[in-house]
Amino acid sequence: MVLQKGGEKVFPSELMMTRKTKTGLIFPVFLSDENNDYIQSVFNVFNNNINNKKENIEKALKNLEIKSSNTKIIKALSLLFFRNSIFEPPVNVNAESLREDVFIAARIPPIDEEDKKLILKPVEEKYGLTINEIINGLYSDKDSELVLKKIYSKDFNDIARLYNLEQIETILLKCVEMTIVNSSDWNYTLRSIKRLGLLYKTIINDNKLESIKVTGPIAMFENTERYGSRFAFLIEKLYNLNEWNIEADIKIKDKYENTTNIYKLKLSDNISYYLPDKRYNDDIKYDFIKKAEPLVIDNDVYFPDYEMNINNKKIYINISNIRYIKNDEILDKKLKKYVNWETIYILNEKDKKPKNLIYFINDIDFISLKKIMEEKYSKENNLKKELDDSSIESIKNELEKLYPNSNKMVDYIESQGLVPERLLPALGYKLKWKGLELLIVKK
């Protein structure tokens, strides 16, 4: 039994436990307080095998499966214990180097115990190990050789709740579309959707958000569950809210009838008791920024994440994912006609860094964001004291045509009776000197 397949966050699909109805609904099968005997039996196997190898534990669990009335539950719980228990190599040594040295030393197999000691003596001296430690360390880098040192020891009810959450996530691996019908924090919900790079469509009724339909980037071309892992991550965010309600289309293949059907999964906060304790905390500790309310503009509703007050200006902050850059450009252009709208990107370490955009790695640094906004809007204020919006836009367009010819840009600015050193930084350019030559580059 290879328990490790299926990733670190969810069970492999063959361990999914569900009930299906003739009307097309699907429900996860949860563990409750009455099922603690399953958890106890798996715990006992691990408890009886402290300081034993992983392969011994797997054999004991296999025997437990044979005796159990529900093999899937035992396998899934075993996977939870394996993931959350602490295993260590039997010997702290570079096993690959040790094997190489032993095989070099023992090219001619030893005849007896004395011959073995003589052959391995140089290896003992090099690594400072006994013969038994050398033997145990030869394959200490193999997963099956790892030794159990500390058992996953949470309260059994907590283990059951984690099992239940992973069952939901495993079902959502088969999700092709999700509709969020209710949320006690729509901004947090949308931010979570965007960070996962999922597409969404807001359903508006009487200028109020009715629901959000969530799909994968290629859902319009193909009914696919390839984005199921993102839906699984999304439920981790949603279930922490005080109020939430989802309906998900789950694509399940019937291995007996060789057919594929779409089932409806309906879940809400009324199952909170069966899930791990909530960890939701979206409070902001800074007085210059707060969570924003939805914006209604031209009968459309928009959902900025935050609202900042900089130099007596209200600035709306939209948190986005680089997958949405093209859509964001259209949105920014439209909304900046009405409000101060700034789109900020959250990247992973491996993401390509976009040019001329504001971004942070993993999470927002609000202090740095404040400084960026102060610099940007203070310059804009100073510029608008001298020029009106129409003139600023005209100059911007002309400079864009002349860029990167620094001399022509400077000549043009001076011909308008303006100072290049003041105007260019306010319009997004940097001035650099290379010897006596002035270079103008975009920020």
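By convention here, the first residue in the shown sequence is residue 1.
Side-chain contact check for Leu196 versus Phe231: every heavy-atom pair is 4.5 Å or farther apart. With a 4.5 Å cut-off on side-chain heavy atoms, Lys194 and Asn318 count as touching.
Aromatic ring centres of Phe82 and Phe87 lie closer together than 6.0 Å.
The side-chain contact (heavy atoms from CB on, under 4.5 Å) test with Glu169 singles out one residue from Leu234, Asn164, Val10, and that residue is Val10.
Under 3.5 Å, the side chains of Asp332 and Thr343 contain a donor-acceptor pair of N or O atoms. Looking only at atom types and distance, the side chain of Tyr345 has a donor-acceptor partner in the side chain of Asp328 under 3.5 Å away. In this structure, a donor-acceptor pair under 3.5 Å is present between the side chains of Ser69 and Tyr38.
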Take Ile319 and Ile364 through the test side-chain contact (heavy atoms from CB on, under 4.5 Å) and record every step on the way to the result. CA-CA 9 Å; Ile319 308 302; Ile364 302 173; 3.1 Å; yes

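Under the 4.0 Å criterion applied to side-chain N and carboxylate O atoms, Lys54 and Glu58 are not assigned as salt-bridge partners. Salt bridge annotation for Glu400-Lys442: present, with a cationic side-chain nitrogen under 4.0 angstrom from a carboxylate oxygen.
Nearest heavy-atom pair across Ser368 and Phe360 is CB-CE2, 3.9 Å.
Using cut-offs of 30° and 60° for the angle between ring planes, the Phe11 and Tyr163 rings count as tilted.
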